[in-house]
Amino acid sequence: MISENEYRAQRIENLKALEKLGYEPFGSAFVRTGDISAIRALWTYPIEPATPEKPHPEGPAEPITVSAAGRMMACRNMGKTIFADLRDGNGRVQLFVNGKNMPEGAFDAFKLLDLGDHIGIKGDLFVTRTGELSIRVTNWTLLSKAIMQPPEKFHGLQDTEDRYRMRYLDLMSNQESRDRFNKRIAIVSEIRKYLEGLGYQEVETPMMQPHAGGAAARPFTTHYNALDCTMYMRIAPELYLKRLLVGGFDKVFELNRDFRNEGLDRTHNPEFTVLEIYEAYGDRTSMKNIIEGMIPHVCDKVLGTRKVKYGDGELDFTPPYREVSYHQLVKDKMGEDWFDLDAKAAYEKATAAGVDCDPNWSHLLITHEVYDKLIEKTLFQPTFVTRVPHEFVPLAKTCPDDPTLADVFEFVVAGKELCPGYTEQNNPFNQREAFAVQAGDEVEKIDEEFITALEYGMPPAGGLGLGIDRFVMMLTGTEVIRDVILFPQLKQR
RNA sequence: GGGGCGUUAGCUCAGUCGGUAGAGCACGUGACUUUUAAUCACGGGGUCCCGGGUUCGAACCCCGGACGCCUCACCA
């Protein structure tokens with residue numbers, strides 16, 4: 001996108017003028033004393049305004065000379081003195097620019113700079129009369145000329161579409177956006193550290209797969225020319241991670257992208273980040289322990305608190321989290337006799353409660369609709385929902401005391417499913433049967449090679465899958481997934 | 001896919017029963033040696049998202065389209 005406006009033309013004029021004075025408009029590497037926050041830390045004296053009793057703020061006997069680089073984000077020209085704000089990825093500092101401190105011509109050249117330009121400076125730290133740590137510039141150089149104007153300095157970039165399409169402008173001008181992504185990065189980093197501390201190994205498995213397995217979602221399809229075959233972008237890494245359990249990796253995780261060819265709304269992006277964890281010789285309970293250890297760890301390290309404002313409420317991630325069975329939740333809502341009703345009676349009761357369902361549905365489906373529409377969204381504080389009907393989780397084992405229920409939890413936060421955790425199915429006969437039910441007529445969709453792997457013996461295991469984008473949303477109090485993804489999917493213009 | 005709302009200067013936003021558009025920031029010129037959303041004076045800057053229609057006249061009303069936002073539906 002090229003915009004031929006007069007501002008751009010002016011900036012190009014300034015670029016040419018600087019070039020004529022010997023400044024390289026798109027300069028080269030610049031050695032800094034450190035980033036701006038490190039430079040600020042070099043000042044160990046008081047930072048306070050001058051007073052009549054103390055007209056000269058305290059400072060060192062010998063000047064602290066520094067080199068700094070950054071983008072000029074504001075400029076207050078007082079005539080013989082210019083105050084400019086220099087910012088880098090970690091902080092900002094004020095520059096005090098006055099011709100008497102600089103070589104001949106450097107001050108006049110400085111006036112040719114525009115907001116958004118990258119410069120490198122050399123100077124001494126001092127505190128201004130109004131009490132701001134600043135750098136008295138003794139020389140400067142141009143590092144990169146900005147031809148386009150940055151967004152408005154006070155309101156930042158507000159247009160939602162531009163913020164997503166030109167994320168760099170959003171990051172440049174909206175501090176809260178930078179903060180949110182810094183938190184996301186820290187959250188992901190702390191998750192890795194926590195799991196590595198527990199002895200887990202991070203692995204990478206195929207994102208292009210011949211069968212899109214491990215979940216039931218529509219995949220993106222592509223064609224691999226060399227082998228002349230159809231490939232699918234993965235919808236889950238699960239079946240490959242389990243192969244690793246067969247192979248002898250006992251504690252593995254993968255933290256990377258899945259792709260699902262489905263709708264796009266405030267909680268769905270077609271590519272999204274998932275953490276999957278598998279522990280040989282573990283089960284649902286060991287997965288629960290990881291959740292109850294990892295989430296407080298991340299909260300403490302990244303947020304410094306376990307309480308987060310979300311919507312109108314406040315989430316409390318202090319463990320232990322509530323654990324309640326699926327059946328109990330349904331009974332609490334629909335009455336103790338709910339599971340004694342036949343499908344017809346259940347249909348009538350559900351309809352009366354405002355749940356839109358079909359009279360031909362089974363009791364199971366009606367119950368699930370009730371859970372989906374009336375119950376899940378009311379579970380605000382972190383909750384493990386256990387003993388879910390087995391039909392909905394074909395990759396899990398059943399409960400030892402009840403073969404109709406899966407030995408799993410659904411970890412629900414703020415009314416949304418954040419993380420399922422399973423006692424994984426390792427019986428190849430049961431797994432094949434569950435796949436067959438799921439596949440229906442489309443038998444070719446079954447990943448036979450995975451079943452074969454199970455036949456070599458997969459240890460009993462626990463597994464879980466945590467939606468990282470949604471997790472970041474909850475920890476940062478964000479309600480739109482696009483605000484936690486640097487480059488969210490948008491329609492092409 | 002249905003419904004609602006939005007799109008005006010580089011950015012943030014006003015605006016009008018239908019009479020060819022304004023402010024702040026930014027930009028240009030001038031003043032100013034401790035400012036920090038600097039201040040003061042003057043000035044330049046617009047295909048009012050795109051295409052049709054109604055009208056003497058449309059940024060505004062009508063129809064169609066693009067993109068975005070919200071919402072419902074779909075969705076393991």
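Chain letters run A, B, ... following the sequence lines, proteins first and then strands; every chain starts at 1. Predicted, not measured: the structure shown is a model, and the values here were computed from it.
One P atom belongs to G46(B), the other to G10(B), and the distance between them is 8 Å to the nearest Å. Atom name C1', nucleotides A37(B) and A73(B): the rounded distance is 45 Å, in whole Å. The same atom, C1', is picked in C11(B) and in U16(B); the two are 24 Å apart, to the nearest Å. Nucleotides A59(B) and C48(B) have their C1' atoms positioned 4 Å apart, rounded to a whole Å. If you take atom C1' in U33(B) and the same atom in G44(B), they sit 30 Å apart, rounded to whole Å. Between A23(B) and C62(B), the distance separating the two C1' atoms is 31 Å to the nearest Å. If you take atom P in C42(B) and the same atom in C61(B), they sit 36 Å apart, rounded to whole Å. Annotation: C5(B) and U47(B) have their P atoms spaced 27 Å apart (nearest Å).
In this structure, F83(A) places its CZ atom 13 Å from P of A37(B), rounding to the nearest Å. In this structure, the CD atom of Q10(A) is 18 Å from the P atom of A9(B), given to the nearest Å. One can place OH of Y168(A) at 14 Å from C1' of C11(B), the figure rounded to the nearest angstrom. If you take CZ of F259(A) and P of C75(B), they are 24 Å apart, rounded to a whole angstrom. Distance CG (D258(A)) to P (A76(B)): 15 Å, rounded to an integer number of Å. Atoms CG (D162(A)) and C1' (C49(B)) sit 12 Å apart, rounded to a whole Å. Here C75(B) presents its C1' atom at 15 Å from CG of N269(A), a figure rounded to the nearest Å. If you measure from atom CZ of R87(A) to atom C1' of U36(B), you get 15 Å, rounded to the nearest angstrom.
Residues satisfying the salt bridge (Lys or Arg N to Asp or Glu O under 4.0 Å) test with D108(A), not counting sequence neighbours, are K111(A).
Contacts of T128(A) with the nucleic acid, taken as non-hydrogen atoms under 4.0 Å apart, include base atoms. Using a 4.0 Å heavy-atom criterion, one finds that A217(A) contacts no nucleic acid atom at all. Residue E262(A) is in sugar-phosphate contact alone, with no base atom involved, counting any heavy-atom pair closer than 4.0 Å across all strands shown. As judged by a 4.0 angstrom heavy-atom cut-off over every strand, R482(A) is placed among residues touching the sugar-phosphate backbone only. Nucleic acid contact for R218(A): none, since no nucleic acid atom lies under 4.0 Å from a heavy atom of the residue. D159(A) comes within 4.0 angstrom of the backbone, heavy atoms only, and of no base. Within 4.0 Å (heavy atoms only), P394(A) reaches at least one base atom of the nucleic acid. Using a 4.0 Å heavy-atom cutoff across all strands shown, R165(A) reaches sugar-phosphate atoms only and no base atom.
Of the candidate nucleotides U36(B), U34(B), C11(B), U36(B) has the atom nearest to the side chain of R92(A). With distances taken from any side-chain atom of P151(A) to the nucleotides U36(B), C69(B), C11(B), the minimum falls on C11(B). In the set C67(B), U33(B), C11(B), the nucleotide with an atom closest to the side chain of E152(A) is C11(B). Taking the side chain of N98(A) as heavy atoms from C-beta on, and the options G68(B), U36(B), U33(B), the nearest nucleotide is U33(B). Here the nucleotide nearest the side chain of R266(A), chosen from U34(B), U12(B), U71(B), is U71(B). The side chain of T160(A) lies closest to G68(B), out of G68(B), U34(B), U12(B).
Aromatic ring centres of F259(A) and F220(A): separated by at least 6.0 Å. In this structure, Y347(A) has its ring center no closer than 6.0 Å to that of W361(A). Taking the centre of each ring, Y371(A) and Y326(A) come in below the 6.0 Å mark. Residues W140(A) and F107(A) place their aromatic rings such that the two centres sit no closer than 6.0 Å.
The heavy-atom pair separating G213(A) from I235(A) by the smallest distance is O-CG1, 3.6 Å. When all heavy atoms of T378(A) and L374(A) are compared, the closest pair comes out as CG2-O, 3.3 Å. Counting all heavy atoms, side chain and backbone alike, Y422(A) lies closest to V408(A) at CD1-CG1, 3.4 Å.
For U35(B), the base is anti relative to its sugar; the glycosidic angle deviates from 0 by more than 90°.
As the counterpart of A58(B), no nucleotide is assigned, since no Watson-Crick or G-U wobble pattern has both distances under 3.5 Å. Checking G22(B) for Watson-Crick or G-U wobble geometry (two distances, each under 3.5 Å) identifies C13(B) as its partner. Searching all strands for a Watson-Crick or G-U wobble partner of U33(B) with both distances below 3.5 Å returns nothing. Taking a pair to require two hydrogen-bonding distances under 3.5 Å in either a Watson-Crick or a G-U wobble arrangement, U7(B) pairs with A66(B). Shown here, C27(B) forms a base pair with G43(B); the pair counts as Watson-Crick or G-U wobble because both key distances fall under 3.5 Å.
Among K288(A), R284(A), R387(A), the one residue that satisfies the salt bridge (charged side-chain N to carboxylate O under 4.0 Å, His left out) test with D407(A) is R284(A).
Toward the 5' end of RNA chain B, the nearer of the two residues D265(A) and D85(A), judged by each one's closest nucleotide, is D85(A). Judged by closest nucleotide on RNA chain B, S134(A) is the one of S134(A) and Q492(A) placed further toward the 5' end.
With hydrogens and angles left out, the side chain of E132(A) and the base of U34(B) share no donor-acceptor pair within 3.5 Å. If you check distances only, the side chain of Q149(A) does reach the base of G10(B) with a donor-acceptor pair under 3.5 Å. Not a single donor-acceptor contact under 3.5 angstrom links the side-chain atoms of T130(A) to the base of U34(B).
An OP1 or OP2 oxygen of U39(B) is reached within less than 4.0 angstrom by no side-chain nitrogen or oxygen of R76(A). OP1 or OP2 of U33(B) has not a single side-chain nitrogen or oxygen of R129(A) nearer than 4.0 Å.
Side-chain atoms of E279(A) and L245(A), non-hydrogen and from C-beta on, never get closer than 4.5 Å to each other.
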Can you tabulate the close N/O pairs, meaning under 3.5 Å, that link protein atoms to atoms of nucleotides 44-47 of chain B?
unit_1 : atom_1 : unit_2 : atom_2 : d
G44(B) : N2     : Y7(A)  : OH     : 3.2
G45(B) : O4'    : E6(A)  : OE2    : 3.1
G45(B) : O2'    : E6(A)  : OE2    : 3.3

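A salt bridge links K145(A) with D114(A): the distance from a Lys NZ or Arg NE/NH1/NH2 to an Asp or Glu carboxylate oxygen falls below 4.0 Å.
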